[in-house]
Engineer: 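Next up is a structure, given as structure tokens.
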Amino acid sequence: QVQVVESGGGLVQAGGSLRLSCAASGRTFSGNTMGWFRRAPGKEREFVAGLSWIGANLYYSDSVKGRFTISRDNAQNTMVLQMNSLKPEDTAIYYCAASRYVYSTSRVADYDYWGHGTQVTVSS
């Protein structure tokens with residue numbers, strides 16, 4: 001059974017940092033695109049950052065570019081989202097997801113395996 005589990009959320013003041021981790025089990029995702037999404041209260045789930053195996057391409061939404069960094073450790077089947085210079089508008093539930101594709105994609109529908117999410121709250 002495939003499981004994707006996030007950890008590392010919490011409460012932080014604006015300007016602070018948090019590090020989210022994602023652990024996958026049940027199969028290896030070293031050849032698949034993986035990503036982070038988030039859902040703020042009253043909003044749709046949105047793409048945050050992704051990492052494709054092909055070309056080792058890292059890509060980000062405009063709202064987090066320059067502040068967040070995504071990385072993965074294929075040997076450990078894990079992925080990390082380092083979040084710096086956090087803003088109150090970053091407050092959301094953050095989800096880790098794995099895609100069936102190997103190319104870059106930010107579409108929710110292209111991701112098949114999802115974690116339950118971890119809460120990130122940024123106070124002003």
Side-chain angles (χ1 to χ4, degrees):
Q1 180 181 358
V2 176
Q3 282 191 316
V4 178
V5 180
E6 309 90 343
S7 61
L11 173 64
V12 66
Q13 288 188 330
S17 299
L18 280 175
R19 183 180 176 92
L20 304 184
S21 295
C22 172
S25 61
R27 59 161 283 184
T28 179
F29 290 101
S30 60
N32 296 77
T33 292
M34 295 189 70
W36 289 95
F37 292 76
R38 68 187 182 187
R39 185 173 64 200
K43 294 188 177 181
E44 298 285 325
R45 189 173 302 194
E46 66 172 3
F47 170 78
V48 174
L51 189 157
S52 67
W53 181 79
I54 286 187
N57 184 40
L58 311 180
Y59 51 107
Y60 303 89
S61 68
D62 289 341
S63 62
V64 307
K65 198 173 297 182
R67 300 186 297 121
F68 291 11
T69 303
I70 188 172
S71 61
R72 71 194 293 173
D73 182 338
N74 286 333
Q76 299 292 327
N77 220 22
T78 59
M79 183 172 66
V80 169
L81 183 69
Q82 178 65 42
M83 306 186 296
N84 298 328
S85 302
L86 283 161
K87 305 175 181 180
E89 51 263 43
D90 294 318
T91 295
I93 299 173
Y94 283 71
Y95 300 89
C96 172
S99 173
R100 58 189 175 276
Y101 299 116
V102 297
Y103 55 77
S104 302
T105 176
S106 59
R107 296 176 66 237
V108 171
D110 288 343
Y111 289 79
D112 304 284
Y113 303 99
W114 292 83
H116 291 296
T118 184
Q119 178 70 46
V120 170
T121 303
V122 184
S123 62
S124 57

Engineer: What are the two closest non-hydrogen atoms of Ala49 and Leu81, and how far apart are they?
Structural biologist: CB-CD1, 4.1 Å
Engineer: Is the backbone N or O of Cys96 less than 3.5 Å from a side-chain atom of Glu6, with the two atoms forming a donor-acceptor pair by type?
Structural biologist: yes
Engineer: Please name the pair of heavy atoms, one in Ala14 and one in Ser124, separated by the smallest distance, quoted to 0.1 Å.
Structural biologist: CB-CA, 4.4 Å
Engineer: Following the transitive rule for hydrophobic clusters with a side-chain heavy-atom cut-off under 4.5 Å over Ile, Leu, Val, Met, Phe, Trp and Tyr, establish whether Tyr111 and Leu20 coincide in one cluster.
Structural biologist: no
Engineer: Dump the intermediate steps for side-chain contact (heavy atoms from CB on, under 4.5 Å) on Thr118 and Ser7, then the final yes or no.
Structural biologist: CA-CA 6 Å; Thr118 184; Ser7 61; 6.0 Å; no
Engineer: Do you know the tightest heavy-atom contact between Arg38 and Val64?
Structural biologist: NH1-CG1, 3.9 Å
Engineer: Start with the C-alpha distance between Arg67 and Asp90, add both sets of side-chain angles, then the distance that settles side-chain contact (heavy atoms from CB on, under 4.5 Å), and finish with yes or no.
Structural biologist: CA-CA 11 Å; Arg67 300 186 297 121; Asp90 294 318; 2.8 Å; yes
Engineer: Tyr95 vs Trp114 aromatic rings, parallel, tilted or perpendicular, using cut-offs 30° and 60°?
Structural biologist: perpendicular
Engineer: Cluster question for you: counting only ILVMFWY and a side-chain heavy-atom cut-off of under 4.5 Å, with indirect links fine, are Val12 and Val80 together?
Structural biologist: no
Engineer: So do Thr105 and Phe47 actually touch side chain to side chain, heavy atoms under 4.5 Å?
Structural biologist: no
Engineer: Write down the atom of Arg19, the atom of Gln82, and the distance for their closest heavy-atom approach.
Structural biologist: NH1-OE1, 3.4 Å
Engineer: Would one find more than 12 heavy atoms of other residues, nucleotides or ligands at under 6.0 Å from atom CZ of Arg100?
Structural biologist: yes
Engineer: Does a side-chain heavy-atom distance below 4.5 Å link Thr33 with Tyr59?
Structural biologist: yes
Engineer: Could you state whether Phe37 and Phe68 fall into the same hydrophobic cluster, counting links through intermediate Ile, Leu, Val, Met, Phe, Trp or Tyr residues with side-chain heavy atoms under 4.5 angstrom apart?
Structural biologist: no
Engineer: Is there a path of hydrophobic side-chain contacts, each under 4.5 Å between heavy atoms of I/L/V/M/F/W/Y residues, joining Leu58 to Trp36?
Structural biologist: yes
Engineer: Are the side chains of Met83 and Val120 in contact, using a 4.5 Å heavy-atom criterion?
Structural biologist: yes
Engineer: Is there a side-chain contact between Thr91 and Gln119 in this structure, where contact means two heavy atoms from C-beta onward sitting under 4.5 Å apart?
Structural biologist: yes
Engineer: I'd like to know if the side chain of Ser17 pairs up with that of Asn84 as donor and acceptor (distance under 3.5 Å, no hydrogens or angles considered).
Structural biologist: yes
Engineer: Is the shortest side-chain N to carboxylate O distance from Asp62 to Lys65 below 4.0 Å?
Structural biologist: yes
Engineer: Cluster question for you: counting only ILVMFWY and a side-chain heavy-atom cut-off of under 4.5 Å, with indirect links fine, are Met34 and Tyr113 together?
Structural biologist: yes
Engineer: Determine the minimum heavy-atom distance between Val102 and Ser52, stating which atoms define it.
Structural biologist: O-CB, 3.6 Å
Engineer: If every non-hydrogen atom of Met79 is compared with every non-hydrogen atom of Ser71, which pair is closest and at what distance?
Structural biologist: CG-O, 3.2 Å
Engineer: Please round to the nearest 0.5 Å and tell me the distance separating atom CG of Leu51 and atom OG of Ser99.
Structural biologist: 12.0 Å
Engineer: Is a side-chain donor or acceptor of Tyr60 paired with a backbone partner of Ile70 at a separation under 3.5 angstrom?
Structural biologist: yes
